[in-house]
Amino acid sequence: MTEPLAPQYNPSAIESALYAWWRERGLFAPDANPAGSVGEPYVIMMPPPNVTAVLHMGHGLNNTVQDVLVRFHRMRGRRTLWLPGTDHAGIATQNVVERLLAKEGRTRFDLGRDAFVERVWEYVQATGAAILGQLEALGCSADWGRTYFTLDERMSRAVREAFVTLYEEGLIYRGHYIINWCPRCLTALSNEEAEKHETDGRIWHLRYPLADGSGHLTVATTRPETMLGDTAVAVHPDDERYRHLIGREVLLPLVDRRIPIVADEAVDPAFGTGAVKVTPAHDPTDFEIGRRHGLPSIDVMTPEARISLAAPERFQGLDRFDARARVAKEFDAAGLLEKVEPHRHAVGRCYRCDTVIEPRLSDQWFVRMEPLAESALRAYRDHTLRFIPERRGDDYIQWLEGIRDWTISRQLWWGHRIPVWYCESEGCGRIAVSRADLETCPACGGPVRQDDDVLDTWFSSWLVPFSALGWPERTADLAAFYPGSTLVSAPEILFFWVARMIMAGLHFMGEVPFRDIYLHGTVRDTQHRKMSKSLGNGIDPIEVIERYGADALRFSLVSGMSVGTDVILDPHDLEASFAAGRNFANKLWNAGRFILSHLEGDRPVRPLAGAANAVRPDELTLADRWIIARCDLAVREATEAYEKFRLNEAAGAVYRFLWSDLADWYIEQIKPRLYGDAPGGDVARAVAAQTFDAALRLLHPVMPFITEALWKRFPGRPAEASISVAPWPQSDARARDPEALAEFELVQQVVGAIRGIRAEYGVQPGQAVRAFVSRDGGPASAALERERSTVVRLARLSELVLTEPTERVGGHAVLPDGTSVFVPLGDAIDVGRECGRLGAEADRLAGLVAAQEKKLGNQQFVTRAPADVVAREREKLSAWAEQRELLVRKRELLGCG
RNA sequence: GGGCGAAUAGCUCAGCCGGUUCAGAGCGCCUGCCUUACACGCAGGAAGUCGGGGGUUCGAAUCCCUCUUCGCCCACCA
């Protein structure tokens, strides 16, 4: 606590210890804040990271945002719960473990179901722990005591309850439909899991001879191999070209099957040839056509997407793409291939392995979504829900309005087993759906067999907002923390997860699970590509934390992100992305080191108000008043920005205050007062302590570690005190001081002008010079008199003379308010150069004046623009004219030509 | 095929409902400084026809139209 602070901030030296201390102190629990609870609790459910792998930068961003919001609200006194968890990620995890097995030359079938699942558990226990460790390294203040895993016992119970309830309500059903099938993962997928990608493909025009030999009909298809399963050709009923063929038959080539020509409204006469081959077992539209016309479905593919025994022998066993080539070749050989054209269309791919989806006819379980979608739409339309940024609401609406039933069964081993039992006794065949495991058939007592399939991972995660709180038990947590407050997520999982949580929340709890949905952007590389393992353009957050510190990572992510926009980082130049955060942390560290070193000792730091020894207003210097006013401004800016999810603005406001105001000016200003027993030192210490303390608190949500480390070192701080539950700084009307703001700004401008002149003429830093500052030919503003020593020190002057200069040769400047600055430099300056400099400045102002005169001479402007705008423009004109006037006079004094 | 977003200094971005010195920040770059908190620093500086074109307006980076480029979402047209 009292050992000296290192001159360079070393995050790795303090972060893990501070984190451990926070946990020990129980600071992440809802009741951690001694201030008690203000208003409603603030609750965020963490989007559970998949246990497939360690975290990437996207998780870093997502969890940083959540932690910022949670820490902000915790400090504001809300009872705050951030509930963490991990996701068993059915397909993804199963794939990873299967790949591990493949390296051992084994498949899951070699192990058998139970042993395989056992193996997956081993894997996820390791990765799950690693992930939680990473979240801790990031500084996440989640309540680890409540951590859930979407496949743990509590969640399983909730999943069963939800499934059985929905089944009883008729919202879950088993059906025989075309679903999205991944031939590599060997499972059904939902529509959302089948990602559509625009692809350059081809379209084949195939001739189907009429069965009576009177000609042929041409159909167009992008998947010729499916013709092996055709059971009809369809045309539009009103299509004059084909009307005479309706009801007749074609002889399906290669297969030699007679199939009918049917009329169906689903056919678009304008597309292709206007005649469609109908393959009910391999296309959803064809399936519907088949149903309407009583056509048979012939499944010509195996689960692996090879040609099945239902096709002619020579095709059997061929991969679908080989079969495609073979079919095309045989059509060509038979003179039945009319043409092949390039064709761009959307191809579905498995979101986990990128394999081309095969639409497949099979028995699956579905959730009827329409009834659920209705209330979810209503909740948005009546403003119960709010999206940040707002436009994301359009995506939500669009998805819900076009909602399709959700395929929830997966032909996997890793996941929640479907709670359905089939009676195996003959003559019963009953299907039982049960909350409890069944051994026998409830109807006949015969033997039962549980459904082999598991549920979609998202069927467990859509329940999280209440299942993680104990549902279906009516727990105290559920009563206290449902509904939650904010959901922070990447836009990619808006449909997978966010929209479904809203539906589940409304259905099972009767209330939306959260009110604000903050969708942040995606982390991309400098070519705007999403970071991914396969592209090798990822950045490991842990590496960044080790090199720059968690605070630097968080600051960089937050400040690189405005509402709803992507965050661009350069994986090849970590320095470019994270140096700013690291530098800022170091700046803060050193400012803290300086201020804290002057707070130590036996003299107590005086409060600014509310005590007998409080600093009196009349003791404050102009600089004191100025920094207090600037600090108050930062409090207002940052607080408002946090409230509006403008985290980058909040970070920026504190950054500017700490660096540009406090470090660059205030600390420099108070140095003389701090050394020795200079008068006013106690006031400077009091003001520095108070404003720095406030700034640390404002910054704590973004940079929790360094702010805590410094804050804890304030003298008199109890050992158990933590900034994470310190009260949020309040704006105070008494701190607002426009006069001090304006006057100190003049001081800054004078110093800036003198520094500029010095740099212009290469006056060495060690060389003190005199400066004359005056106004209207007389003494300069009283503010400069009061801060005379500040100007002298910061501009490195030997003397500051606040009257008209007695000399002429030197550097001149005129400030916006007409204040005149002169640094006598004698022979050291090049008079011609100075004349040029002043002339250029005068010309610039002359241009402004001319434009301004034109503007004000414009009757349209003067009459139509608001009076205050016109008045302001008039003031500008006179100020510029005055400045120009002064510059011209200075040139005359210098003897410029 | 619909819908949406972005295009501002070399790079990453601010600039909200049009009007506070002919556009700001960080990083990078240039010059000078190890000034007893910080060289991960200090001081100063260069750098942009605000994607192109048109329009509305007294006035536009800021509003409207259009074009170009990039990105995203949705879509059963075989």
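Chain naming here is simple, since letters A, B, ... match the order of the sequence lines and numbering starts at 1 in each. The structure displayed is predicted, hence computed values, not measured ones.
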For this session: Check the distance between B:A75's P and A:Leu400's CG and give it to me in whole angstrom.
Result: 12 Å
Problem set entry | A:Tyr761 vs B:U31: side-chain N/O to OP1/OP2 distance below 4.0 Å | no
For this session: Examine B:U35: is either OP1 or OP2 under 4.0 Å from a nitrogen or oxygen in the side chain of A:Arg793? Give yes or no.
Result: no
Problem set entry | A:Tyr208 side chain to A:Asp230 side chain, donor-acceptor N/O pair below 3.5 angstrom | yes
Seminar exercise, completed: Walking RNA chain B from its 5' end, the first of A:Arg344 and A:Trp880 to be reached, judged by nearest nucleotide, is A:Trp880
Exercise. Between B:C72 atom C1' and A:Glu198 atom CD, what is the distance in whole Å?
Worked result: 13 Å
Problem set entry | Sugar-phosphate, base or nothing in reach of A:Phe584, heavy atoms under 4.0 Å | nothing
For this session: Calculate the interatomic distance between A:Arg593 atom CZ and B:G41 atom P; express it in whole Å.
Result: 14 Å
Problem set entry | First encountered from the 5' end of RNA chain B, between A:Asp286 and A:Val763 | A:Val763
For this session: Give A:Trp204 one of three labels, base, sugar-phosphate or nothing, depending on what nucleic acid heavy atoms sit under 4.0 Å from its own.
Result: nothing
Seminar exercise, completed: 5' to 3', nucleotides 8-17 of chain B under a 4.0 Å protein heavy-atom cut-off (B base, S sugar-phosphate only, - none) gives ----SSS-B-
Exercise. So, A:Tyr351 and A:Glu195: side-chain donor and acceptor under 3.5 Å apart, yes or no?
Worked result: no
For this session: Indicate, with a heavy-atom threshold strictly under 4.0 Å, whether A:Tyr655 touches base, sugar-phosphate, or nothing.
Result: sugar-phosphate
Exercise. Does A:Lys587 count as lying over the ring of A:Tyr655, i.e. NZ or CZ under 6.0 Å from the six-ring centre, within 45 degrees of the axis?
Worked result: no
Exercise. Which value, in whole Å, describes the distance between the P atoms of nucleotides B:G48 and B:G41?
Worked result: 26 Å
Problem set entry | Distance-only donor-acceptor test (3.5 Å): side chain A:Glu668, base B:A37 | yes
Problem set entry | Euclidean distance for P, B:C22 against B:A47 (whole angstrom) | 14 Å
Exercise. Do A:Arg582 and A:Glu575 sit within salt-bridge range, that is, some charged N less than 4.0 Å from a carboxylate O?
Worked result: yes
Exercise. With sugar-phosphate meaning primed atoms plus P, OP1 and OP2, does A:Glu288 contact a base, only sugar-phosphate, or nothing at under 4.0 Å between heavy atoms?
Worked result: nothing
Problem set entry | For the student: nearest non-hydrogen atoms of A:Ala266 and A:Thr285, plus distance | CB-CG2, 4.2 Å
Problem set entry | Rounded C1' spacing from B:A14 to B:G24 in Å | 7 Å
Exercise. Whole Å only: how far is the CG atom of A:Asp395 from the P atom of B:A75?
Worked result: 11 Å
For this session: For A:Ala879, report the nucleic acid contact type (base, sugar-phosphate, nothing); a contact means any heavy atom under 4.0 Å.
Result: nothing
Exercise. Which is true for A:Lys876 with a 4.0 Å heavy-atom rule: it touches a base, it touches only sugar-phosphate, or it touches nothing?
Worked result: sugar-phosphate
For this session: Check the distance between B:A78's C1' and A:Glu341's CD and give it to me in whole angstrom.
Result: 14 Å
For this session: Identify the two heavy atoms, one from A:Glu882 and one from A:Gly818, that lie closest to each other, and give their separation to 0.1 Å.
Result: OE2-CA, 3.9 Å
Exercise. Whole Å only: how far is the CG atom of A:Asp230 from the P atom of B:A78?
Worked result: 16 Å
Exercise. Distance check: side-chain N/O of A:Lys671 vs OP1/OP2 of B:A37, anything under 4.0 Å?
Worked result: yes
Exercise. What is the nucleic acid contact for A:Arg755, judged by heavy atoms within less than 4.0 Å: base, sugar-phosphate only, or nothing?
Worked result: sugar-phosphate
Exercise. Can you name the closest pair of heavy atoms from A:Ser489 and A:Ile493 and give their distance?
Worked result: OG-CG1, 3.2 Å
Exercise. How would you label the contact of A:Ala270 with the nucleic acid (heavy atoms, under 4.0 Å): base, sugar-phosphate, or nothing?
Worked result: nothing
Exercise. Reckon A:Ala579 touches a base, only the sugar-phosphate, or nothing at all at heavy-atom distances under 4.0 Å?
Worked result: nothing
Exercise. Just to confirm, is there a sub-4.0 Å distance from OP1 or OP2 of B:C77 to any side-chain nitrogen or oxygen of A:His343?
Worked result: no
Exercise. Considering only heavy atoms and no angle criterion, is a donor-acceptor pair shorter than 3.5 Å present between the side chain of A:Gln8 and the base of B:A39?
Worked result: no
Problem set entry | Nearest-Å distance for atom pair CD/P, residues A:Gln398 and B:C73 | 12 Å
For this session: For A:Asp664, answer base if it contacts any base atom (sugar-phosphate contacts may also be present), sugar-phosphate if it contacts only those atoms, and nothing otherwise; contact means non-hydrogen atoms under 4.0 Å.
Result: sugar-phosphate
Exercise. Reckon A:Arg884 touches a base, only the sugar-phosphate, or nothing at all at heavy-atom distances under 4.0 Å?
Worked result: nothing
Problem set entry | Heavy-atom pair with the smallest gap, counting every atom of A:Arg223 and A:Thr221 | N-OG1, 3.0 Å
Problem set entry | Nucleotide B:C38, atom C1' - distance to CG of A:Leu596 in whole Å | 14 Å
For this session: Taking Watson-Crick and G-U wobble pairs with both distances under 3.5 Å, convert RNA chain B into its dot-bracket string, 5' to 3', dots for unpaired and | for cross-strand pairs.
Result: (((((((..((((.....[....)))).(((((.......))))).....(((((..]....))))))))))))....
For this session: Using a heavy-atom cut-off of under 4.0 Å over every strand shown, decide if A:Lys644 touches base, sugar-phosphate, or nothing.
Result: nothing
Exercise. Which part of the nucleic acid does A:Val219 contact within heavy-atom distance under 4.0 Å: base, sugar-phosphate only, or nothing?
Worked result: nothing
Exercise. With a 3.5 Å cut-off and just heavy-atom distances, do the side chain of A:Arg391 and the base of B:C4 make a donor-acceptor pair?
Worked result: no
Exercise. How is A:Arg524 classified with respect to the nucleic acid when contacts are heavy atoms under 4.0 Å: base, sugar-phosphate, or nothing?
Worked result: sugar-phosphate
